[in-house]
Amino acid sequence: MKPYDLLSTVEYGGCSAKLSANDLSTALADLPKTPHKNLLVDIETHDDAGVYKVSDDLALIQTTDFFPPVCSDPYEFGQIAAANALSDVYAMGGEVLTALNIVAFPTKVPLDVLKEILRGGIEKVIEAGGVMMGGHTIVDDVPKYGLAVTGSIHPDRIITNAAAKPGDVLILTKPIGAGIIMAGKRIGEIEMDKYQPILESMKQLNKEGGRIMQKYKVKCATDITGFGLLGHALKLAMGSNVTLKIDSKRVPSFNGALDLIELGCIPGACFRNLEYVENECTFEKSLRSNHKMLLLDAQTSGGLLICCNENDVNNMIAELSESGYACTSVIGSVCEKGNKYLLIN
Amino acid sequence: MKTIDAKGQLCPIPLIMTKKALGELKENETLEVLMDNETSVKNVTRYLEEMGMKPSTGKKDSIYHVFVNKTSEVSENVNVEDFCTINNERLSDYIVSFQKNKLGEGSEELGTILAKAFINTLPEVEAKPKKLIFLNSGIYLVLKDSPVIDTLKKLEQMGIEILVCGTCLDYYKKKEELGVGIVSNMYVILESLSKTSKVIYL
Amino acid sequence: MKYFILIFESTHHSLKSEKLLTGLGIKFDIIPTPKEISSDCGMAIRINPALFDEQLVSSILNKNNITFHLHEKVYK
């Protein structure tokens with residue numbers, strides 16, 4: 001049986017399915033808020049995850065994520081979508097408890113394909129130590145898959161994207177450029193040897209990263225997904241009221257991504273993310289346009305951007321590297337709030 | 001003036017077409033790009049602005065025309081080595097082929113430890129191989145529980161291609177346990193071996 | 001990044017230590033002894049300082065009559 005190519009169901013040019021950050025802000029503006037004393041982290045700083053206190057030593061993390069296929073193989077898609085949805089729990093330093101499937105599937109695609117997607121998702125949830133509780137499926141022309149996840153965390157140990165301190169060092173645990181390489185694969189400009197590493201990276205849980213952050217008592221971090229490194233860095237800078245300095249030369253990227261940008265293979269998401277960050281960002285003259293696009297590339301199931309105390313940097317990097325995040329790198333630092341939230345060179 | 005038709009093309013094709021066309025133009029020549037959707041227009045004009053040019057857009061009969069004068073050498077001569085260490089690795093034209101999961105003949109336990117040391121040293125070697133091939137019992141080195149799996153993943157991320165014999169994985173019934181690299185076949189492996197300058201057989 | 005390198009007096013000791021430390025669940029890499037530490041061909045063990053429990057490691061190796069020397073090396 002010829003393997004079914006999930007990407008054949010996705011007709012648009014593969015631009016990331018996320019609504020642009022600006023559009024999202026507009027849609028969310030002026031909606032009624034529901035403040036509550038038990039709401040520890042909410043929509044103000046984190047749009048797709050929240051934390052609710054249940055008792056003095058337990059808070060629940062709730063997060064969700066789903067999207068159309070990002071690769072051809074259904075099982076890999078299930079794994080990647082699940083890892084992506086689970087990521088927020090780890091970015092907050094929590095542990096995964098339970099998950100629910102969110103599925104949209106076309107009637108004309110063989111059910112075996114759906115089975116493989118779900119198998120990928122379930123196996124990833126099991127790997128995360130969670131329990132799959134069930135889910136909900138609707139019919140749709142374009143398949144979509146993801147999870148709604150519940151995690152647990154001690155209320156005093158929540159890692160947020162609003163607690164960066166000047167003097168902290170910025171660490172990134174996975175390379176960027178996955179979006180560009182996926183676009184390159186879709187148009188046949190990239191070979192398997194450069195594509196396989198990004199699939200492996202996207203399937204990789206941020207679980208160990210979360211554990212190591214808690215070990216070193218990290219207070220501030222975020223995971224890098226659809227808004228790209230700079231988009232998520234901006235949210236963190238705004239949430240913490242600091243300026244982040246990022247050195248583009250130190251940011252790890254997947255082999256082949258820069259070559260693709262050179263060809264002009266730049267996904268639309270890069271431009272959307274550029275629109276979101278440019279007013280709050282100073283790009284130094286030394287920064288090449290191609291590198292700038294790379295930093296704006298939307299990631300799926302990307303790494304953790306961690307604000308690390310400068311005394312713990314070496315040990316943290318060593319442990320992260322040993323735990324499977326081989327490309328962990330220092331990419332910049334946190335400074336007092338200056339003119340703009342981001343300073344990129 | 002050169003005109004390129006990017007109608008019906010989805011991102012990022014219009015950008016690639018634009019970049020290619022600009023490369024073929026002389027300085028001060030004008031390029032016209034035809035598109036049929038606003039998103040592509042926005043992205044192409046932004047892309048040209050980022051390259052330091054000043055595009056202008058017109059619309060006629062629901063077709064967008066973007067005009068730009070090529071003002072400077074488009075290719076930034078990106079020096080990949082300037083960028084991050086991941087892209088920095090220059091790979092040498094040789095392949096290492098692991099025919100078993102040990103090095104040498106004689107003691108089994110010595111052979112096993114030598115193989116591990118060999119792989120763990122590869123990240124530091126200046127002239128790194130462009131590919132690693134794993135055959136027969138060599139496949140044990142690339143399974144999820146291999147003691148050198150992290151090093152091999154690091155090498156893969158550096159751009160070193162890892163090819164694993166599919167027949168061998170199947171024979172040992174380890175296909176589901178592959179931890180790194182791509183499942184390959186004799187054609188690909190033979191092609192790789194025959195096209196390289198040097199092969200180191202272990 | 002700094003690593004601890006454990007050097008042994010014979011390859012047999014390296015082999016035995018590898019088994020013992022694996023049995024303890026300690027994460028390490030087998031590497032050839034760095035040239036700057038010793039010119040003898042030999043196998044050494046490289047451990048990340050954050051994962052190195054000196055007391056535990058010394059105790060198990062000494063119990064098995066294995067002497068080792070501890071060095072440090074910085075890897076880029």
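Excluded from the calculations below are hydrogen atoms, water molecules and symmetry mates; all remaining heavy atoms, backbone and side chain alike, are included. Letters A, B, ... are given to chains in the order of the sequence lines, protein chains preceding strands, and every chain is numbered from 1. No experiment lies behind these values; they were computed from the predicted model shown.
- Contacts of Lys42(B) with chain A are made by side-chain atoms alone, with heavy-atom separations under 4.5 Å and no backbone atom involved.
- To the nearest 0.5 Å, the span separating CG on Asn290(A) from CD on Glu50(B) amounts to 10.0 Å.
- Look at Glu275(A) and Arg46(B) and you find no salt bridge, because none of the NZ, NE, NH1 or NH2 atoms lies under 4.0 Å from a carboxylate O.
- With rounding to the nearest 0.5 angstrom, the OH atom of Tyr195(A) is 12.0 Å from the CD1 atom of Ile182(B).
- Across every non-hydrogen atom of Gln196(A) and Gly181(B), the tightest pair is CG-O, 4.2 Å.
- Using a 4.5 Å cut-off between heavy atoms, Glu322(A) touches chain B through its backbone atoms (N, CA, C, O) alone.
- To the nearest 0.5 Å, atoms CG (Asp193(A)) and CD1 (Ile162(B)) are separated by 10.5 Å.
- More than 12 heavy atoms of other residues, nucleotides or ligands shown are found within 6.0 angstrom of OH on Tyr172(B).
- The shortest side-chain heavy-atom distance between Met192(A) and Glu161(B) does not fall under the 4.5 Å cut-off.
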*Stepwise side-chain contact (heavy atoms from CB on, under 4.5 Å) test for Asn43(B) and Ile266(A)*: CA-CA 9 Å; Asn43(B) 291 350; Ile266(A) 302 173; over 6 Å; no
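- With values rounded to the nearest 0.5 angstrom, Ile13(B) atom CD1 is found 10.5 Å from Arg186(A) atom CZ.
- The neighbour count for Asp5(B) CG, taken as heavy atoms of other residues, nucleotides or ligands under 6.0 Å away, is above 12.
- Your options are Gly184(A), Ser201(A), Cys265(A), Pro197(A), and the one with the most heavy-atom pairs under 4.5 Å with chain B is Cys265(A).
- For Lys153(B) and Glu200(A), the salt-bridge test fails: no basic side-chain N is under 4.0 Å from an acidic carboxylate O.
- For a residue to count as touching a neighbouring chain, one of its non-hydrogen atoms must lie under 4.5 Å from one of that chain's; by this rule Gln204(A) does not touch chain B.
- Of the atoms belonging to Ile261(A), it is backbone heavy atoms, and not side-chain ones, that fall under 4.5 Å from chain B.
- Residue Gln99(B) places its CD atom among more than 12 non-hydrogen atoms of other residues, nucleotides or ligands, all under 6.0 Å distant.
- Pro267(A) and Pro12(B) make their closest contact through N-CB, 4.4 Å (heavy atoms, listed as atom of the first residue, atom of the second, distance).
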